[in-house]
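Throughout, a chain's letter reflects where its sequence line sits, starting with A, and its residues are numbered from 1. Keep in mind that this is a model prediction, so the values were computed, not measured.
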2 protein chains.
Amino acid sequence: MITIMDNTETTEKTKSCDFRMTRQRRVILAELDSPGQHPTADEVYSRVRKVLPNISLGTVYRNLEILSQTGMVKKLHIGSEQRRYEKNQKRHYHAHCVMCGRVSDIPSDPFGDIDKTARENSRFDITGHELVFEGLCPKCNDDNQ
Amino acid sequence: MITIMDNTETTEKTKSCDFRMTRQRRVILAELDSPGQHPTADEVYSRVRKVLPNISLGTVYRNLEILSQTGMVKKLHIGSEQRRYEKNQKRHYHAHCVMCGRVSDIPSDPFGDIDKTARENSRFDITGHELVFEGLCPKCNDDNQ
DNA sequence: CTTGGTGCAAAGGTTTTGCACGGGG
DNA sequence: CCCCGTGCAAAACCTTTGCACCAAG
């Protein structure tokens, strides 16, 4: 029999939201575990299929959506490219290579002061911001010389 | 006969890039002229069709893409929603209503210092950033009370 | 048991593209 | 005149969804 409880806050969160921790969901979460990753749904799908060959792409999408609603996973919208996902973890921003599309983490505390500036210049009730830095990754920068 | 030259920097840019200023292209640009707008390709399409009933959606997409390459138009990537476009104009950021999807301009000088911070924390050659503020627009904020 | 989750496949929505023709410069 | 741009329609792409069955709790 498969152990379903793993007494992490992850499972706690799922339980409290009336979500079942299915095999599929657990494997998807596990795939997102290593930091510095920002896979697309399709990338998650092909990785997870190595463990669960019969999982469907629809299930991957449904789970990523549900997990992002619980806050365990974060949806990323970077450029006009395909949606990406990451495990929600310590505060950081992202850098996006305009040449190859690579996405890297940039560790940083959130810039709270820019929200304040925005509030002063608009009638919106600003709650936060999405910020992506654009530029060249080290590799493309070298190739470019 | 239709006047093709209009001796604006717009036409100059087009000429220098070997782009022809066609009737379609001119009407699309004109539609984007009033500030504070961020229409989707489809919205541009339906507006432009009032002037050019036979224009095709493909032409609208092709032109918005070309115009964004010349720098005359800016593509906006806001949340996971449909792509939006605006005429490139004085420096500002955008606020996105998480409830109704509305997009508003927020006048502001660019935050150059955050690029500096990002540079110090990554190996990317950072050239700029995409920044969208999230919150509630005045209307949704009222409805929410 | 009950009810939410799954696999499958089809549908949906947005954006791109191949092609033959037309018009800009 | 040349060849870029256009209209049309199909294709490509990404994401969502309906449905019958399955399995978590």
Side-chain angles (χ1 to χ4, degrees), chain A residues 1-7 10-29 39-46 48-49 51-70 73 75-85 101, chain B residues 1-7 10-29 39-46 48-49 51-70 73 75-85 101:
Chain A
M1 182 203 167
I2 295 159
T3 303
I4 287 128
M5 300 296 297
D6 59 10
N7 68 22
T10 290
T11 302
E12 284 311 309
K13 267 189 190 163
T14 325
K15 275 174 56 188
S16 68
C17 296
D18 250 355
F19 292 142
R20 293 177 186 171
M21 184 46 77
T22 60
R23 199 154 154 56
Q24 289 85 345
R25 205 158 283 173
R26 209 158 347 94
V27 175
I28 289 171
L29 265 178
T40 62
D42 209 69
E43 286 165 356
V44 172
Y45 175 53
S46 62
V48 166
R49 250 195 316 183
V51 183
L52 304 173
N54 293 319
I55 196 172
S56 73
L57 182 55
T59 295
V60 172
Y61 271 105
R62 270 182 296 231
N63 276 315
L64 290 172
E65 178 59 31
I66 288 174
L67 292 171
S68 82
Q69 278 169 19
T70 70
V73 164
K75 281 195 229 181
L76 307 179
H77 318 114
I78 295 179
S80 46
E81 290 168 24
Q82 214 171 336
R83 192 176 302 166
R84 292 178 176 277
Y85 300 86
Chain B
M1 183 203 168
I2 296 160
T3 303
I4 287 130
M5 300 295 297
D6 59 11
N7 66 24
T10 290
T11 301
E12 283 313 308
K13 266 190 188 161
T14 325
K15 275 173 57 189
S16 68
C17 296
D18 251 354
F19 292 143
R20 293 177 185 171
M21 183 48 75
T22 61
R23 199 155 156 53
Q24 288 85 344
R25 205 157 281 174
R26 208 155 352 93
V27 175
I28 289 171
L29 267 178
T40 63
D42 210 69
E43 287 165 354
V44 172
Y45 175 53
S46 61
V48 166
R49 248 194 319 182
V51 183
L52 304 173
N54 293 318
I55 196 172
S56 73
L57 182 55
T59 295
V60 171
Y61 270 105
R62 271 183 295 232
N63 277 315
L64 289 172
E65 178 58 33
I66 288 174
L67 292 171
S68 82
Q69 279 171 17
T70 70
V73 165
K75 279 196 229 182
L76 306 179
H77 319 114
I78 295 180
S80 46
E81 291 167 25
Q82 214 171 339
R83 192 174 301 165
R84 293 179 175 277
Y85 300 86

Five-pair end axes of the helix from C:dC1-D:dG25 to C:dG25-D:dC1 and the angle they enclose, rounded to 10°
50°
Round to the nearest Å and state the distance from B:Arg84 atom CZ to C:dT15 atom P.
10 Å
Residues two or more places apart in sequence or in another chain: which of them pass salt bridge (charged side-chain N to carboxylate O under 4.0 Å, His left out) with B:Arg84?
B:Glu43
When you check every protein heavy atom under 4.0 Å of nucleotides 3-9 of chain D, what one-letter string (B, S, -) results, 5' to 3'?
BBSBBB-
Which atom pairs link the protein and nucleotides 12-14 of chain D when you take only N or O atoms and keep those under 3.5 Å?
from   : atom 1 : to      : atom 2 : distance (Å)
D:dC14 : OP1    : A:Gln82 : OE1    : 3.3

In this structure, how many angstroms lie between the P atom of C:dG5 and the CD atom of A:Gln69, rounded?
11 Å
Check side chain to side chain contact (heavy atoms under 4.5 Å, CB included) between A:Val48 and all other residues, then give those that pass, not counting sequence neighbours.
A:Val27, A:Ile28, A:Glu31, A:Val44, A:Leu52, A:Ile55
Can you tell me the distance, in whole Å, between the CE atom of B:Met21 and the C1' atom of C:dG25?
13 Å
side-chain hydrogen bond (donor to acceptor under 3.5 Å, both in side chains) involving A:Ser46 - partner list, sequence neighbours excluded:
none
Taking the side chain as every heavy atom from C-beta outward, state whether B:Leu29 and B:Met21 have any atom pair closer than 4.5 Å.
yes
Tell me which one of A:Val60, A:Leu67, A:Val73 satisfies side-chain contact (heavy atoms from CB on, under 4.5 Å) with A:Tyr85.
A:Val73
Pairs of donor and acceptor atoms involving the side chains of residues 75-82 of chain B, under 3.5 Å and at least two apart or interchain, shall be tabulated with distances.
from    : atom 1 : to       : atom 2 : distance (Å)
B:Lys75 : NZ     : B:Glu65  : OE1    : 2.7
B:His77 : ND1    : B:Glu130 : OE2    : 2.9
B:Glu81 : OE2    : B:His96  : NE2    : 3.0

To the nearest 0.5 Å, tell me how far B:Arg26 CZ sits from B:Asn63 CG.
11.5 Å
With sequence neighbours left out, write down each residue that passes side-chain hydrogen bond (donor to acceptor under 3.5 Å, both in side chains) with B:Thr40, or none if nothing qualifies.
none
What pairs with B:Ser68 under side-chain hydrogen bond (donor to acceptor under 3.5 Å, both in side chains), at least two apart in sequence or on another chain?
none
Tell me every residue that passes side-chain hydrogen bond (donor to acceptor under 3.5 Å, both in side chains) with A:Thr22, counting only those two or more places apart in sequence or in another chain.
none
A:Leu57 CG to C:dG12 P, straight-line distance once rounded to whole Å:
18 Å
Counterpart residues, salt bridge (charged side-chain N to carboxylate O under 4.0 Å, His left out), relative to A:Arg62 (two or more places apart):
none
Expressed in angstrom and rounded to an integer, what is the separation of B:Lys75 atom NZ from C:dT14 atom P?
16 Å
